[in-house]
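To start, the structure itself, in structure tokens.
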Amino acid sequence: MSGDTEAVVRLRNALDDIDGSLAEETAAMFGAPGRAILARLRRAYLNDTKGQECI
């Protein structure tokens with residue numbers, strides 16, 4: 001792997017400093033439709049990963 005690891009570390013630190021869920025805050029900006037889409041995406045993700053082991 002190559003690249004600007006310092007930039008990646010800064011991004012990681014910035015994301016760690018966020019209180020709450022970035023996905024939930026973004027969905028809330030769109031009101032009920034945004035929250036419904038987020039819920040649907042989460043259900044789809046859980047259904048896709050159900051039964052799969054982390055490697």
Side-chain angles (χ1 to χ4, degrees):
M1 295 182 121
S2 64
D4 189 350
T5 55
E6 185 177 340
V8 173
V9 170
R10 278 194 225 140
L11 175 61
R12 168 69 191 242
N13 290 339
L15 292 173
D16 284 345
D17 289 343
I18 294 175
D19 290 332
S21 168
L22 187 59
E24 288 176 12
E25 289 181 29
T26 303
M29 291 186 336
F30 296 96
R35 289 188 295 274
I37 290 169
L38 179 60
R40 177 175 251 182
L41 288 170
R42 285 181 169 164
R43 281 192 306 272
Y45 174 79
L46 289 175
N47 287 336
D48 287 347
T49 59
K50 195 178 288 186
Q52 295 180 6
E53 292 184 29
C54 293
I55 298 175

All pairs passing salt bridge (Lys or Arg N to Asp or Glu O under 4.0 Å) where residues 21-30 contributes a residue, at least two apart: Glu24-Arg42

Please list every donor-acceptor pair under 3.5 Å in which a side-chain atom of residues 7-18 meets a protein atom from a residue at least two apart or in another chain.
residue : atom : partner : partner atom : Å
Arg10   : NH2  : Glu6    : OE2          : 2.5
Arg12   : NE   : Asp16   : OD1          : 3.4
Arg12   : NE   : Asp16   : OD2          : 3.2
Asn13   : ND2  : Val9    : O            : 3.4

Transitive ILVMFWY cluster of Leu41, excluding itself - 4.5 Å side-chain cut-off: Ile37

